[in-house]
J.: 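Pasting a structure below so you can have a look.
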Amino acid sequence: MDKHFESTRCLVCHDAPCTVACPRGNDPARGVRAHKFENNYCVGMFLNDDMCADCDAPCEKACIHPDFPIRIKQMAEGVPAKEAKDLPSLEMEFCGVHCENPFFLGSSVIASSYEMIAKAFRLGWAGVMYKTITFGDIEEVSPRFDQVGKEGTPFIGFRNMEQLSVHTPEEDFAIMSRLKKEFPTKVIVASIMGRNDDEWAQLARMAQEAGCDMIECNFSCPHMAEKGRGSDVGQKPELVRHLTEVVRAATSLPVIAKMTPNITHIEEPAIAAVEGGADALAAINTIKSVTMKRRSEVAGKATISGYSGKAVKPIAQRFILDMRKDEKLKDVPISGIGGIETWRDALQYIVLGCNNVQVCTAVMQYGYRIIDDLVLGMQDWMQREGIKTLEEVRGRALDQFVATDHLDRSTYVLPRIDRDKCTGCGRCYVSCYDGGHQAISFDPETRIPHIIGRNCVGCHLCMLVCPSDAMLPTNRIQVKK
């Protein structure tokens, strides 16, 4: 049984019936969740052979999956018990502010009330970028969310038309002031957006008076109803520089400029923000997009709005790389945003040079509780790798990236077929013939594929489409001229 595939079937229930039913007080739901969020090395803390070998699996009987129960007992087979001992600390600094870990709630609906943020802090999130505060009335539409899925997997991408905070600035800053007093070790960041210089300055002063730790300037919201706000600002470097200067003059707090991806060269407004006095950058905000489902229309109409979720991670990381490769930005602190669901996703941002990360869409899908898997997964990886602080690995991947004309074109890696895993489905043959180099033959009687070495160019399309992981790489060899 493919345990990771089995975990993808899990409904990730609230107050999971499987855990409630466990007669030994264990947490099978957390063990399944560890698989789901790529935290396989920690599964044994919650689900293992010792716990489940002589049990008749009441957890499976309690499972409410509409098709058939998650095979929890089989997922425990062969898993040794594990303890969380001597895990390294994730403490770090961002713009001189101490943070318990690198995981922040992104500025959005998930960070828009006292009750929500207090719950997140109690669960272990280090900080919050509060939902963007502005002057003037904000009127939302209904519905305002949509998702893009594929082959039964929802939330590959997520589209939203959520705008700014619906509260008055006075109400929002009162909430943040209360949060800071009750959770003094947590980091409170006020995200702000004005309509003119005076409003930007006033919001910055109010943030400092409320006891916030930092200010994030939202130069990047992709669907504001008014011209001159959101991504309209972030696409104009001179305006970014000017407004950053306005905020910088109004406060002594660290200032973060949040960048838009709806631009060709993100480094241009980023440099302008730093020249205007920004202490750090945040990237990316959501990507302008459309979806065309009837159920997401607003009274029969549709519009351009923001795209986020797992699908945007490669795009976001490209923008992070662009900034980190620029000489003027290489040492500027960056808060990474875009498609972060697991600790591995977060680690990718850190090795690209980010100082911390913000999470939003994954929380909307799975809840604040994913902080457990983010923190534990990162700590366990650090322990296994002998890493004491995240600063040791920050930016470690940057030297791997070169221009395309510097890539090795003199060698290639051919695939091989693992006959024990191959099911004879023929997916590799279809994809290679119709979308590759006709380097795989297929016997319809035996249903056995064969690689035609003389045709293969090592593109690895076959590995990507194989549903049973039966296509494996060989050693890199010299290209025959």
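Positions are given from 1 along the sequence. Hydrogens, waters and symmetry mates are skipped; everything else that's a heavy atom, side chains included, is used.
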J.: I'd like to know if Asp372 and Arg33 make a salt bridge, using a cut-off of under 4.0 Å between side-chain N and carboxylate O.
T.: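 Salt bridge present between Asp372 and Arg33.
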
J.: For the residue pair Asp146 and Thr291, confirm or rule out a side-chain donor-acceptor distance under 3.5 Å.
T.: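 There is such a pair (donor and acceptor under 3.5 Å, judged by atom type) between the side chains of Asp146 and Thr291.
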
J.: Of all heavy-atom pairs between Ile256 and Met214, which one has the smallest distance, and what is that distance?
T.: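 Result for this residue pair: CD1-SD, 3.8 Å.
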
J.: Can a donor-acceptor pair be found between the side chains of Ser308 and Thr286 at a distance below 3.5 Å?
T.: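 No pair is found: no donor N or O on one side chain lies under 3.5 Å from an acceptor on the other.
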
J.: For Arg318, is there an ion pair with Asp322 - N to carboxylate O distance below 4.0 angstrom?
T.: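 Looking at Arg318 together with Asp322, the answer is yes, because their closest N to O distance falls below 4.0 Å.
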
J.: Side chain to side chain donor-acceptor pair (under 3.5 Å): which pairs involve residues 118-128, sequence neighbours left out?
T.: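 Sorted pair list comes back empty.
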
J.: Does Arg9 come within less than 4.0 Å of Glu6, counting only side-chain N to carboxylate O?
T.: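 Result for this pair is yes, salt bridge flagged.
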
J.: List the steps, then state whether side chain to side chain contact (heavy atoms under 4.5 Å, CB included) holds for Met382 with Leu390.
T.: CA-CA 8 Å; Met382 291 170 64; Leu390 287 175; 3.7 Å; yes

J.: The criterion is side chain to side chain donor-acceptor pair (under 3.5 Å); which residues satisfy it with Asp405, sequence neighbours excluded?
T.: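 Per chain and number, Asp405 pairs via side chain to side chain donor-acceptor pair (under 3.5 Å) with no residue.
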
J.: What residues, two or more places apart in sequence or in another chain, satisfy salt bridge (charged side-chain N to carboxylate O under 4.0 Å, His left out) together with Arg295?
T.: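 Arg295: no salt bridge (charged side-chain N to carboxylate O under 4.0 Å, His left out) contacts found.
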
J.: State, to 0.1 Å, how close Leu376 and Leu87 come at their nearest heavy-atom pair, and which atoms those are.
T.: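 Closest heavy-atom pair between Leu376 and Leu87: CD1-CD1, 3.7 Å.
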
J.: Can you tell me if Arg159 and Ser289 form a side-chain donor-acceptor pair at under 3.5 Å?
T.: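 Their side chains do not contain a donor-acceptor pair, so the 3.5 Å distance test is not met.
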
J.: Decide whether a cation-pi geometry holds between Arg384 and Tyr41; the criteria are a distance under 6.0 Å from NZ or CZ to the six-membered ring centre and an angle within 45° of the ring axis.
T.: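 Yes.
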
J.: Please determine, by modelled atom types, if Gln235 and Thr260 share a side-chain donor-acceptor pair under 3.5 angstrom.
T.: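 On atom types as modelled, these side chains do not qualify, holding no pair under 3.5 Å.
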
J.: Which pairs pass ring pair (Phe, Tyr, Trp, His ring centres under 6.0 Å) with one or both residues in residues 166-212, sequence neighbours excluded?
T.: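 Pairs touching residues 166-212 that pass the test: Phe121-Phe183, Trp200-Phe219.
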
J.: Working to the nearest 0.5 angstrom, can you tell me the gap between Lys325 NZ and Ile320 CD1?
T.: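 It is 14.0 Å, given to the nearest 0.5 Å.
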
J.: Examine distances only and state if a side-chain atom of Tyr368 and a backbone atom of Ile110 form a donor-acceptor pair shorter than 3.5 Å.
T.: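 Yes: the side chain of Tyr368 pairs with the backbone of Ile110.
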
J.: Ignoring hydrogens and angles, state whether a donor on the side chain of Tyr130 or Glu216 is under 3.5 Å from an acceptor on the partner side chain.
T.: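 Glu216 and Tyr130 do not have a side-chain donor-acceptor pair below 3.5 Å.
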
J.: Within the 4.5 Å heavy-atom criterion, are Ser296 and Phe145 side-chain neighbours or not?
T.: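 Answer no - side chains too far apart.
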
J.: So Asp213 and Lys180, salt bridge (Lys or Arg N to Asp or Glu O under 4.0 Å) or not? Walk me through it.
T.: CA-CA 9 Å; Asp213 296 289; Lys180 190 62 188 177; 2.8 Å; yes

J.: Just verifying a value: how many Å separate Ile215 CD1 and Ile192 CD1, rounded to the nearest 0.5 Å?
T.: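 Interatomic distance, Ile215 CD1 to Ile192 CD1, rounded to 0.5 Å: 5.0 Å.
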
J.: Atom OH of Tyr433 and atom SG of Cys428: how far apart are they, to the nearest 0.5 Å?
T.: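 Those atoms lie 14.5 Å apart.
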
J.: Not counting sequence neighbours, list each pair that qualifies as a salt bridge (charged side-chain N to carboxylate O under 4.0 Å, His left out) and has a residue in residues 340-356.
T.: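 The answer is Glu38-Arg344, Lys310-Asp345, Lys313-Asp345.
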
J.: When you check the gap from the basic side-chain N to the acidic O, do Asp172 and Lys131 get nearer than 4.0 Å?
T.: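 Judged by the 4.0 Å cut-off on N to carboxylate O distance, Asp172 and Lys131 do not form a salt bridge.
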
J.: Applying side chain to side chain donor-acceptor pair (under 3.5 Å) as the test, list every pair that has at least one member in residues 240-250; sequence neighbours left out.
T.: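 Checked against side chain to side chain donor-acceptor pair (under 3.5 Å) - neighbours excluded - the pairs reaching residues 240-250 are Asp197-His242, Glu238-Arg241, Arg241-Glu275, Arg248-Asp279.
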
